[in-house]
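Heads up: numbering here begins at 1 and tracks the sequence. Remember, it's a predicted structure, so these values are computed and weren't measured experimentally.
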Amino acid sequence: MKDWIIKSDEIPGPYGKYPGARSVEELISNGIIVLDKWQGPTSHDVTATIKKILNLNKTGHAGTLDPMVSGVLLVTLDNACKVIPALQKLDKEYIGIMHMHKEVDYEKIKAVISKFLGNIEQLPPVRSAVARKIRRRTIHSIDILDIKNKDILLNIKCEAGTYIRKLIDDIGKQIGGAHMSELRRIKAGRFDEKMAVRAQDLLDAYIFWKENGDETIKDFILPVEASIEHLKKIIVKDSAVYAVSSGSPLYTGGISKIQKYIKIGEMVALLTLKGELIALANATMTTDEMMKTKGLAAKTDRVIMQAGIYPKMR
């Protein structure tokens, strides 16, 4: 708790439920899956498949992958689709093959790649889903893992929204031509491929649960709270949960604990004393101001918790 400041020492009351104690039904209707996307379908098609497997009304995804790209795709289930804004800006990591159009000296390749580290500008591809205007992105690292003939195996760590195919194409323009021949996303934020679930395994687990009550499927679905671990957090008193879960803003009087270094305008997660995600909100005060002054602390943006789980208290 060294990153937290206690404003009002509270203990959890009888309402709500710790995220780890949720039933399979509750996880399926309000959880996320780290899916191992396969090559071929679009990200939309893949989420539609998960929707069908789990018999849901709605699924979504954060961080689109091209049809021929495999790897980590974060899929939100039903009510958890509301947390997509919290997942969209996660840094990404890829393993890919850059196929050169001619033999190039190793030292030249390294020198050219080094020019693409740090802040770069990209024009999205013609077939992209966003407006074609210059976008600035940060490339954290590009490591050469192996070279075989004209194929270079690369490990790329970058900011969300980076077009890897375009990045490799731009590198290629400076070494006589190159294109991306294969790509796999191995990490999105803290979610890596070791956590990723295959659709077939999810289907099998769902059938086993339905037919035999086997709860192995719990191993494949994360509670919605997993989506906000990277955000700064405010712990809300039980007495204020009803209002916030009904869409009201959070006032300083309803705060139990605050994470340090919150800035005005920053997206924060509002949690109960039991660690349940109530809502995503935008801070209207800094941490210090929340501790020292009275007033509006955060404006509720997206309510996640169903109203009424915590009763209205005086």
Side-chain angles (χ1 to χ4, degrees), residues 1 3-32 56-58 60 76-87 221-260 262-314:
M1 295 292 287
D3 292 329
W4 292 84
I5 299 175
I6 297 176
K7 183 175 176 66
S8 177
D9 200 6
E10 308 275 331
I11 59 172
Y15 310 107
K17 182 183 292 186
Y18 290 98
R22 290 184 185 138
S23 66
V24 172
E25 291 91 344
E26 289 168 326
L27 283 174
I28 289 176
S29 65
N30 196 29
I32 66 173
L56 292 172
N57 293 320
K58 187 177 182 181
T76 54
L77 310 178
D78 228 348
N79 185 63
C81 291
K82 297 175 184 176
V83 301
I84 287 177
L87 296 168
I221 304 175
L222 300 174
V224 68
E225 287 76 14
S227 66
I228 51 85
E229 289 192 10
H230 60 291
L231 298 181
K232 294 190 181 73
K233 303 165 188 68
I234 301 174
I235 306 299
V236 178
K237 295 178 182 177
D238 281 1
S239 58
V241 174
Y242 176 86
V244 176
S245 64
S246 298
S248 297
L250 175 67
Y251 291 87
T252 53
I255 296 174
S256 175
K257 301 177 184 67
I258 317 169
Q259 207 157 14
K260 294 179 180 178
I262 291 174
K263 300 175 183 177
I264 293 176
E266 183 175 3
M267 179 186 286
V268 295
L270 307 183
L271 305 174
T272 69
L273 292 165
K274 290 182 176 176
E276 303 152 286
L277 178 59
I278 310 167
L280 300 178
N282 296 312
T284 54
M285 292 183 178
T286 65
T287 296
D288 289 344
E289 289 170 337
M290 292 181 201
M291 288 295 296
K292 297 175 182 178
T293 63
K294 294 182 179 180
L296 181 64
K299 289 184 178 180
T300 303
D301 182 35
R302 295 194 174 202
V303 176
I304 312 302
M305 175 177 280
Q306 181 181 347
I309 293 178
Y310 282 67
K312 190 173 185 179
M313 303 179 193
R314 292 182 180 179

Taking the side chain as C-beta and beyond, is there a heavy-atom pair between [X] and [Y] under 4.5 Å?
| X | Y | answer |
| --- | --- | --- |
| Val268 | Leu231 | no |
| Tyr251 | Lys294 | no |
| Ser256 | Leu273 | yes |
| Ile234 | Met290 | yes |
| Ile5 | Lys260 | yes |
| Lys7 | Thr252 | yes |

Between [X] and [Y], which heavy-atom pair has the shortest distance, and what is it?
| X | Y | answer |
| --- | --- | --- |
| Thr76 | Cys81 | OG1-SG, 3.3 Å |
| Ala298 | Ala281 | CB-CB, 3.9 Å |
| Asn282 | Gly265 | OD1-O, 4.2 Å |
| Thr287 | Gln259 | OG1-O, 2.8 Å |
| Ala80 | Asn30 | N-OD1, 3.4 Å |
| Thr300 | Ala279 | CG2-CB, 3.8 Å |

Between atom [atom1] of [X] and atom [atom2] of [Y], what is the distance when rounded to the nearest 0.5 Å?
| X | Y | atom1 | atom2 | result |
| --- | --- | --- | --- | --- |
| Ile278 | Leu271 | CD1 | CG | 6.5 Å |
| Leu27 | Ile32 | CG | CD1 | 11.0 Å |
| Ile84 | Lys82 | CD1 | NZ | 12.0 Å |
| Ser246 | Met305 | OG | CE | 11.0 Å |
| Met285 | Thr293 | CE | OG1 | 3.5 Å |
| Glu289 | Ile264 | CD | CD1 | 4.5 Å |

Sequence neighbours left out, what passes side chain to side chain contact (heavy atoms under 4.5 Å, CB included) with [X]? Give chain and number order.
| X | answer |
| --- | --- |
| Ser8 | Glu10, Lys237 |
| Asp288 | Thr286 |
| Asp78 | Ser29, Leu56, Asn57, Lys58 |
| Met313 | Tyr15, Asp238, Ser239, Pro311 |

Can you name the side-chain hydrogen bond (donor to acceptor under 3.5 Å, both in side chains) partners of Lys17, sequence neighbours left out?
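side-chain hydrogen bond (donor to acceptor under 3.5 Å, both in side chains) check on Lys17 returns Glu26.
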Output yes when a side-chain donor or acceptor of His230 lies under 3.5 Å from a complementary backbone atom of Leu87, and no otherwise.
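No: the side chain of His230 does not pair with the backbone of Leu87.
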Atom pairs and distances, side-chain donor-acceptor, residues 221-229, under 3.5 Å, sequence neighbours left out:
residue, atom, partner, partner atom, Å
Glu225, OE1, Arg22, NH1, 2.7
Glu225, OE2, Arg22, NH1, 3.4
Glu225, OE2, Arg22, NH2, 2.8
Glu225, OE2, Leu277, N, 2.8
Ser227, OG, Val224, O, 2.6
Glu229, OE1, Arg190, NE, 3.1
Glu229, OE2, Arg190, NH2, 3.3

Pairs touching residues 265-281 that satisfy side-chain hydrogen bond (donor to acceptor under 3.5 Å, both in side chains), sequence neighbours left out
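Sorted result for residues 265-281: Lys232-Glu266, Thr272-Glu276, Glu276-Tyr310.
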